[in-house]
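Heads up: the structure comes next, in structure tokens.
Chain identifiers are assigned alphabetically (A, B, ...) following the order of the sequence lines, protein sequences preceding nucleic acid strands; residue numbering begins at 1 within each chain. Here the structure is a predicted model, which means the values were calculated and not measured. Reckoned from all heavy atoms, side chains included, excluding hydrogens, waters and symmetry mates.
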Protein chains: 2
Amino acid sequence: MTESDRAEDELTPPPEGTGAISAHMTVDRQASHFKRARQARETEIVEDYVELVADLIDEQGEARSVDVAKRLGVTGATVNKMIARLKEMDLVNAEPYRSVFLTDEGRKMAEASRARHHIVVALLRAVGVDEATAWADAEGMEHRCSPETLAAFADFVKKQKL
Amino acid sequence: MTESDRAEDELTPPPEGTGAISAHMTVDRQASHFKRARQARETEIVEDYVELVADLIDEQGEARSVDVAKRLGVTGATVNKMIARLKEMDLVNAEPYRSVFLTDEGRKMAEASRARHHIVVALLRAVGVDEATAWADAEGMEHRCSPETLAAFADFVKKQKL
DNA sequence: TACAATTCTTAGCCAAGGCTAACTTTTTAG
DNA sequence: CTAAAAAGTTAGCCTTGGCTAAGAATTGTA
């Protein structure tokens with residue numbers, strides 16, 4: 001499939017009031033957004049696990065898989081499988097029947113994820129979302145914000161406070 | 001597993017500066033947030049397809065699966081399988097080798113999805129995110145905002161404009 | 001009309017991320 | 001110290017949503 005195959009898409013006039021293709025949204029751009037979204041869906045589960053492991057370590061000194069399971073609302077078997085995957089990705093260290101620890105890389109991911117989480121919560125609060133809803137909704141939004149958007153959020157929150 | 005099994009979670013003091021458990025985030029609440037997030041991941045793909053079918057119908061009078069495939073950046077086979085699923089869910093009508101049409105329910109879902117999409121874009125613009133990034137990031141955030149958050153967004157945007 | 005290109009369908013594959021059930025190891029209580 | 005409870009592991013299953021490859025239907029055109 002070549003570029004010229006769908007050159008006409010570039011010329012489609014922007015229809016008003018729909019989510020349809022327009023100037024800033026060519027077919028190619030849209031496809032790549034969806035691809036990014038699919039990618040995000042894949043990585044966000046990993047990030048959730050890693051962030052949670054970090055939380056547990058910080059709170060309780062160690063992350064036991066039973067606690068991970070409780071907080072994520074999944075079974076122990078599922079956690080086990082996922083931990084194995086995280087281990088393969090070099091995000092955690094784990095020995096059978098022992099609790100889970102973060103590698104440097106894992107810790108870095110957790111901190112980044114956590115930072116994003118907090119920025120999103122702060123932004124939601126700043127535009128008038130109540131505390132509980134902000135925490136609930138940030139879980140999910142945090143993985144879908146580009147660095148640019150997060151920067152804008154941080155900026156906005158900072159200005160709001162002045 | 002009973003409530004009392006983890007009553008101690010309610011008493012955990014809120015550690016500062018982490019994403020850890022605190023007053024507004026009991027283990028149960030957190031688990032249910034993650035469950036909601038998993039649910040959202042499942043429904044958002046459906047919504048993406050339905051919204052896109054609506055876009056194509058509005059733009060071109062019909063939704064051909066080759067166009068859906070192009071815009072989502074997936075193969076025709078994938079679209080085919082998904083359309084079959086949407087049909088089972090009574091969101092679309094589709095006959096072999098013919099283009100796809102929305103049922104009333106499908107149209108309703110598309111409109112709702114589109115409305116959310118626009119609110120999110122507007123909010124992002126309002127807090128200083130540039131046009132292109134706003135459109136890119138809204139794709140993904142739109143599925144993760146509760147009605148409360150969307151209402152707050154709409155409210156904030158309206159006030160901003162005055 | 002017939003053939004070529006395009007589109008659509010089908011079959012079969014894969015990985016991810018859930019689950020249950022059965023089993024082993026570790027921890028805890030008596 | 002031993003038995004019961006809790007935690008962790010393993011095996012096997014399911015659904016989703018991707019993919020490729022091969023073939024059938026439709027459409028466009030010489």
Side-chain angles (χ1 to χ4, degrees), chain A residues 1-2 4-6 8 31-32 34-50 52-53 56 60 62-89 91-101 140 143, chain B residues 1-2 4-6 8 31-32 34-50 52-53 56 60 62-89 91-101 140 143:
Chain A
M1 191 197 309
T2 69
S4 59
D5 282 341
R6 34 186 151 64
E8 78 284 2
S32 81
F34 283 118
K35 277 184 179 162
R36 265 197 343 117
R38 283 194 295 275
Q39 183 58 38
R41 272 194 294 272
E42 284 181 30
T43 61
E44 87 176 73
I45 296 192
V46 169
E47 289 181 346
D48 282 346
Y49 273 89
V50 168
L52 187 42
V53 167
L56 287 166
Q60 321 186 328
E62 63 174 358
R64 308 182 67 214
S65 72
V66 65
D67 292 321
V68 174
K70 267 184 203 155
R71 292 213 189 166
L72 286 176
V74 298
T75 63
T78 296
V79 170
N80 202 259
K81 208 195 277 190
M82 195 62 194
I83 296 297
R85 213 187 134 206
L86 298 182
K87 201 174 162 185
E88 288 224 325
M89 298 170 84
L91 293 167
V92 303
N93 292 129
E95 292 307 315
Y97 297 102
R98 297 267 76 91
S99 54
V100 183
F101 299 94
H143 306 282
Chain B
M1 191 197 311
T2 69
S4 58
D5 283 341
R6 31 186 154 64
E8 79 285 1
S32 81
F34 283 119
K35 277 184 181 164
R36 261 195 349 112
R38 283 195 293 276
Q39 184 57 38
R41 272 194 294 273
E42 284 182 28
T43 60
E44 89 177 71
I45 296 192
V46 168
E47 289 181 345
D48 282 347
Y49 274 89
V50 168
L52 186 42
V53 167
L56 287 166
Q60 318 186 330
E62 64 175 357
R64 307 180 67 215
S65 73
V66 65
D67 292 321
V68 174
K70 267 183 203 156
R71 292 212 188 166
L72 285 177
V74 298
T75 62
T78 297
V79 169
N80 202 258
K81 208 195 277 191
M82 194 62 193
I83 295 296
R85 212 186 134 207
L86 297 182
K87 200 175 162 184
E88 288 225 325
M89 299 171 82
L91 293 167
V92 303
N93 291 129
E95 293 307 314
Y97 296 103
R98 297 267 77 90
S99 54
V100 182
F101 299 94
H143 306 282

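When the P atom of dG18(C) is taken as reference, atom CD of Q39(B) falls 12 Å away, rounded to whole Å. K87(A) places its NZ atom 13 Å from the C1' atom of dG8(D), with the value rounded to the nearest Å. In this structure, the CD atom of E44(A) is 16 Å from the P atom of dA16(C), given to the nearest Å. Taking atom CD1 on I45(A) and atom C1' on dT16(D), their separation rounds to 11 Å, with Å as the unit. Across the protein-nucleic acid pair, E42(A) atom CD and dC14(C) atom C1' stand 12 Å apart, rounded to whole Å. In this structure, N80(A) places its CG atom 16 Å from P of dA16(C), rounding to the nearest Å. Spacing between atom CZ of F34(A) and atom C1' of dG18(D) amounts to 16 Å, rounded to whole angstrom units. Between the CD1 atom of I83(B) and the P atom of dT16(D) there is a distance of 15 Å, rounded to whole Å.
The closest side-chain heavy-atom distance from D48(B) to H143(B) is below 4.5 Å. Side-chain atoms of L86(B) and M82(B), non-hydrogen and from C-beta on, do get closer than 4.5 Å to each other. Between F34(B) and V74(A) there is no side-chain heavy-atom pair separated by less than 4.5 Å. In this structure, Q39(A) and T43(A) have side chains that are in contact, with non-hydrogen atoms separated by less than 4.5 Å. Using a 4.5 Å heavy-atom cutoff, the side chains of R38(B) and I45(A) are not in contact.
Without hydrogens or angle criteria, K87(A) side chain to V92(A) main chain gives no donor-acceptor distance under 3.5 Å.
Each of S99(B) and Y49(A) was assigned the nucleotide of DNA chain C with the nearest heavy atom; the assignment lying further toward the 5' end belongs to S99(B). Residue A63(A) is the one, among A63(A) and M82(B), whose nearest nucleotide of DNA chain D lies closer to the 5' end (criterion: closest heavy atom). Along DNA chain C, the nucleotide nearest to T75(A) and the one nearest to K81(B) differ in position, and the one closer to the 5' end is contacted by K81(B).
Using a 4.0 Å heavy-atom criterion, one finds that S65(B) contacts the sugar-phosphate atoms exclusively.
Ion pairing of E62(A) with R98(A) is absent here, as no side-chain N (NZ or NE/NH1/NH2) approaches a carboxylate O to less than 4.0 Å.
Of the candidate nucleotides dT10(D), dC19(D), dA7(D), dA7(D) has the atom nearest to the side chain of V66(A). Nearest to the side chain of A77(B), among dT10(D), dT20(D), dG18(D), sits dT20(D).
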Is there any protein nitrogen or oxygen under 3.5 Å from a nitrogen or oxygen in nucleotides 26-28 of chain D, and what are the pairs?
from, atom 1, to, atom 2, distance (Å)
dT27(D), OP1, R98(B), NH2, 2.8

